[in-house]
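What follows is one structure encoded as structure tokens, with my remarks underneath.
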Number of protein chains: 2
Amino acid sequence: MCRTASKQLLNREPGKCKAGKIQDWIIKIHVNILERMKESTVTAYDRFLSMNGLRDTKQRRLIFETFMEQNEHLTAEALYHILQKDLPQIGQATVYRTLKLLCENGFAHELSLHSHGGHAQSSYFEPTLAREHHDHLVCTQCGRHLEFHNEVLETLQEKIAEEYSFELTSHTHVLYGKCKNCHS
Amino acid sequence: MCRTASKQLLNREPGKCKAGKIQDWIIKIHVNILERMKESTVTAYDRFLSMNGLRDTKQRRLIFETFMEQNEHLTAEALYHILQKDLPQIGQATVYRTLKLLCENGFAHELSLHSHGGHAQSSYFEPTLAREHHDHLVCTQCGRHLEFHNEVLETLQEKIAEEYSFELTSHTHVLYGKCKNCHS
DNA sequence: ATAGATGCAAATGGTTTGCAGCTAT
DNA sequence: ATAGCTGCAAACCATTTGCATCTAT
């Protein structure tokens, strides 16, 4: 049982044999890395504030921390509702202003996951943090969204940009369709 | 001179030699194909109207024709201004309504080329017509946009969708960066 | 003390909608 | 005749902004 390929490592119960121990280490290291990243993000945030003469206010700090804890993207409105639990008098404008600030400084980025125009539809925000870059699959029926990442695709994009002498800074890539549950 | 590679065919003056003649034919055929496509689009439009009990009004026809002549994507507003020259009393609402109708029925599609949220920014529309599918490169500095098409990328998207059991219907793929002129 | 941040309410602006009158069928 | 269209103006709605007030520095 302990001879199984490393591929299967992560499906095992920990501590059962040497492989189990290795798995424990891996998990420990992983958690550690995440912790460090979080720490360094907070540090980066502090440095960012002081370097730009921006004030460390109660609401700004709370928005930053609450937002960074999210591992799913969410709308400004949704974040606002979460924040209200901790600080009832917080204003929507402050949330929007702070989110914008975070986006402009690499702590967050904004996504438009709606397939097409219509009434203004709210955009989503996600923390840049420890998360790898990813793009999205959106179900046009139930609205569910999945994330995907494909290295070949990323490389391809860079090549295309190069071909047109573009200095690539970001991209939007959303695939729309019907998800497993929604196409009969 | 007539021995040049076919690659160079299109840069030559027509009718100078055999290759010139071939070029003339190619152009003729190409124009012909475009004509036919245009014709069949108009026919499809007529059929679409009658099959759905929709009326063939002056404004609807004009919007359709004017829009289909565009070979660059444009905003509803821009189209509205063009239309006003031919039919001054036309209303924005009619333009929006018709554009929506065209999108819903495969004659047009809508693009959001703005990198990120902010105030509602207008989306672009482009005729489906004879144009191949393409995606966009947008310069975040000067706003210029280029089109690109990459078959590998398209195939890759299909594979990704398949991997997640998604029935793909459309996608948004925009690369943002600085164009040749804008990055010093 | 004071530049900067906040909360409120009003403004924005692309797009949609209600409605009374118009027009293809 | 009548169901569908149109133009107008008002409504929508996510986001931004002006401003008086508050607060980190």
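In what follows, every chain begins at residue 1, and chains take the letters A, B, ... in the order their sequences are listed. Just the heavy atoms: all of them, side chains too, but no hydrogens, waters or symmetry mates, feed the values below.
Residues B:S165 and A:C179 have side chains not in contact (no heavy-atom distance under 4.5 Å, counting atoms from C-beta outward).
The local environment of CD in A:E65 is crowded, with over 12 non-hydrogen atoms from other residues, nucleotides or ligands closer than 6.0 Å. Around atom CD of B:Q84, more than 12 heavy atoms belonging to other residues, nucleotides or ligands sit under 6.0 Å away.
When the P atom of C:dT23 is taken as reference, atom CG of B:L87 falls 12 Å away, rounded to whole Å. The separation between A:E77 atom CD and D:dT15 atom P is 9 Å, rounded to whole Å. In this structure, B:L62 places its CG atom 10 Å from P of D:dG7, rounding to the nearest Å. Atom CG of B:L49 and atom P of D:dC5 are 9 Å apart (whole Å). If you measure from atom OH of B:Y80 to atom P of D:dT6, you get 14 Å, rounded to the nearest angstrom. For the pair A:Y96 OH and C:dA5 C1', the interatomic distance rounds to 19 Å; values are reported in whole Å. The separation between A:I90 atom CD1 and C:dT6 atom C1' is 9 Å, rounded to whole Å. We find that CZ of B:F48 is positioned 13 Å from C1' of D:dG4, with the value rounded to whole Å.
In this structure, A:Q92 reaches neither bases nor backbone, as no heavy-atom distance under 4.0 Å exists between it and the strands shown.
The phosphate of D:dC5 has neither OP1 nor OP2 within less than 4.0 Å of any side-chain N or O from B:T94.
With ring centers used as reference points, A:F48 lies under 6.0 Å from A:F107. For B:H149 and B:H134, the gap between ring centers reaches or exceeds 6.0 Å. Aromatic ring centres of A:H109 and A:H133: separated by at least 6.0 Å. Taking the centre of each ring, B:H145 and B:Y124 come in below the 6.0 Å mark.
Counting distance only, with no hydrogens placed and no angle test, the side-chain atoms of B:R97 and the base atoms of D:dG7 include a donor-acceptor pair under 3.5 Å.
Comparing D:dT15, D:dC5, D:dT16 against the side chain of B:R60 picks out D:dC5 as the nearest.
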Tabulated below should be each protein N or O lying under 3.5 Å from an N or O of nucleotides 20-25 of chain D; please produce it.
residue, atom, partner, partner atom, Å
D:dT23, O2, A:R55, NH1, 3.1
D:dA24, N3, A:R55, NH1, 3.4

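Of the two residues contacting DNA chain D, namely B:A93 and B:G53, the nearest-nucleotide position lying further toward the 5' end is that of B:G53.
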